Protein chains: 2
Amino acid sequence: MLTRTEENYLKAIYKVSEKENGRVNTNAIAAITETSAASVTDMLKRLADKDLILYKKYKGVSLTKSGSKIATDLIRKHRLWEYFLVEKLEFSWVDVHEIAEELEHVPFDSLIDRLDEYLGHPKFDPHGDPIPNAEGKFTIRAQRSLDGFDIGKKGILLGVKEHHKDFLIYLNKLQISLGTELEILEKNNYDGSMMIKIDNNASHLISEKVSKNLLIKS
Amino acid sequence: MLTRTEENYLKAIYKVSEKENGRVNTNAIAAITETSAASVTDMLKRLADKDLILYKKYKGVSLTKSGSKIATDLIRKHRLWEYFLVEKLEFSWVDVHEIAEELEHVPFDSLIDRLDEYLGHPKFDPHGDPIPNAEGKFTIRAQRSLDGFDIGKKGILLGVKEHHKDFLIYLNKLQISLGTELEILEKNNYDGSMMIKIDNNASHLISEKVSKNLLIKS
DNA sequence: TCAAATATTTAGACTAATCTAAAAATATTT
DNA sequence: AAATATTTTTAGATTAGTCTAAATATTTGA
Ligand SMILES: [Mn+2]
Ligand SMILES: [Mn+2]
Ligand SMILES: [Mn+2]
Ligand SMILES: [Mn+2]
C-alpha cells in the first residue's frame, strides 16, 4: 500500500510524461507537487526503491509498468468521481476537481468497480477527458482545438484543455458547456482572436488563448 | 484543518464517552485507535492545545463543544457514506464500514450537504444507527434489545448494536436484516438463549449474546 | 493504611515528508 | 574550452505520529 503522497508523485510524473515524452525532470515534478526540488529528489529515491520509477541521478525519471498502472488507476478514480459529482450530486464542472483530488485516494477496488457500474461505465469526465478502463486503456476520439479551424466551421465542444477555474467560470458566463455547438464567424489574423456563434444564439469574440483550449469534434 | 489522525482520535473519544459518560481514560482510547497509551498521551496534549478536549493529566479527557461538533460531523459523514454505499452502490452492510472510514475524512461541506440531499436526508444508516443532522442532532426512536422481551413478543429489527463482520455475516445467513420481523418462541432461563421465528418462516435458536445485539422497535 | 497492581506519562528513538542552504553535476554562452 | 548559469543532489533540521522502556501517579485490597 502506497501513501497518499507517493500516489500524488506518481500522478505528477505521469502528467508530465504525457506532454514531454521521455524522461521527466525533477523541477517539473516539484512544480506540480508544489514542493522543493530537494523533496522531490528524496521521494524519487523512495519510489525507485519500490520499483515504481526508473531513476538515474541527474538524468530524470520514467515510470515503470507498475508505476504507470498506479497512475492510470488514480486518473480513473479521479475522473469517475468527477463524473459522479456532476451527474449525481449536481456539482458544477468548476468545483469537482478539488474534491476528486481527495476521493481518488480512497482505496478499495470494489468501490471504484461498483461506482463505474452505477454510473454506467462513462467514457469521458465532465471536462471531456477520457476515463481509462480498469486495464488503464483510454478511449481515443477525433478532436482538435478550435483555433485550428477556419471561418464557417461548426463543431460540438467535446472538452477543454485547461481546467483552470477562471477559464471554466468564463465559459459558464458565455453559456458554453460540453455539447454546445460553436461556429466560427470571423477570424482575426493579427492576434488569432475569433468571433464565434454559440448554439445559434449569442456571438462572442474569444481570444486565441481561449480557442486553443476548446476541443471540438473533428 | 485537522489531520486525519486527529479526527480519528476525536471520534474515538466520542465513541467511548457515549458509553461511559464522564471522562474518558487513556487506555480506552488506545484500544479503539489501536495505538499505545504513550501515543495517546502525546495526541491528547495536542488536542488540548487546540481546545478540542479538556485534559487533566491522569484524570482523563472530555470533548469540548468544538471537539464534539467535529466528532458528530465525522459520524454524520461516515453514516451518510455507508447509506450511499448500500442504497446506491449495492454494497452489503457487512462491507461498508471500512470504506466509510476512509470516505468520512474527505472534507468539503458542500459534498456532504449535496450527498445528504441526493440520498433524501436519511435518518438512519444501514446498521440502524442514527445519522446526525448538520447541527449534530440525532434522531431518537423507541428501541430495545431483543433479550429484554418475553415469549410471544413480535418486533421489527431496527438496528444492531455490534457491527462485527462475523455478526453481520451470521445474520445474513439467518436471513435477518433491518425490517425483519422477529418473534420470541421460547426462552431458556439458564443461558439466556431463545428460539425465534424469522419473518414467519424459519425458527432458530440464538444465544443471549446475539439477542442482546438485536435492537427491536418497542 | 500502605504495599502491590494498574494506569498514565515521560524519555528517547524512529519514519515519512517536508524545508533551506550548500555542494556537485550538467547545460549554455561567450 | 572556459566561464557562467541552471539543475539536481546532499546535508542537516523540523514536524507529526508512532513505538518501547522506564518513571510516576492512582487505585485496589490485604
Ligand atoms: Mn480533475
Ligand atoms: Mn476532469
Ligand atoms: Mn460504520
Ligand atoms: Mn453504521
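Each chain gets a letter, A, B and so on, in the order its sequence line appears, and its residues count up from 1. Values in this document were obtained by computation on a predicted structure and should not be read as measured data.
Judged by distance alone, the side chain of B:K212 and the main-chain N or O of B:S207 form no donor-acceptor pair under 3.5 Å.
Taking every side-chain heavy atom of A:Y58 into account, C:dA25 is the closest of C:dT9, C:dA17, C:dA25.
For DNA chain C, if you chain together Watson-Crick or G-U pairs that step i with j, i+1 with j-1 and so on, the runs of at least three with distances under 3.5 Å are C:1-30 with D:1-30.
In this model, no donor atom of one side chain and acceptor atom of the other lie less than 3.5 Å apart for B:H127 and B:H97. For the 3.5 Å distance criterion, the side chains of A:N213 and A:H164 fail to qualify, holding no donor opposite an acceptor. One side chain, B:H105 or B:N8, offers a donor N or O that lies under 3.5 Å from an acceptor on the other. Side-chain atoms of B:H163 and B:D129 include a donor-acceptor pair closer than 3.5 Å.
Remark on DNA chain C: of its neighbouring residues A:K57 and A:Y9, the 5'-side contact belongs to A:Y9, judged by nearest-heavy-atom nucleotide.
Atom-to-atom, NZ of B:K56 to C1' of C:dT9 comes out at 16 Å; the value is rounded to the nearest Å.
In summary, of the residues considered (B:R79, B:K11, B:K77), a salt bridge (charged side-chain N to carboxylate O under 4.0 Å, His left out) with B:E104 occurs for B:K11 alone. Considering A:K50, A:R46, A:K45 as possible partners of A:E6, the one that fulfils the salt bridge (charged side-chain N to carboxylate O under 4.0 Å, His left out) test is A:K50. Just one residue in the list B:L168, B:N172, B:L174 forms a side chain to side chain contact (heavy atoms under 4.5 Å, CB included) with B:Y170, and that residue is B:L174.
Cation-pi check for B:K123 over B:Y83 is not met; the charged atom does not lie both under 6.0 angstrom from the ring centroid and within 45 degrees of its normal.
Residues from residues 36-50 of chain B placing a heavy atom under 4.0 Å of any atom in DNA chain C, listed by number, are B:A37, B:A38, B:T41, B:K45.
Interface limits on DNA chain D: the 5'-most and 3'-most nucleotides within less than 4.0 Å of chain A heavy atoms are D:dT7 to D:dT10.
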B:F84 and A:F84: CA distance, side-chain angles, deciding distance, ring-ring contact (aromatic ring centres under 6.0 Å, His included) verdict: CA-CA 12 Å; B:F84 166 76; A:F84 166 75; 5.2 Å; yes

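Distances shown here put every side-chain N or O of A:T35 at or beyond 4.0 Å from the OP1 or OP2 atom of C:dA17.
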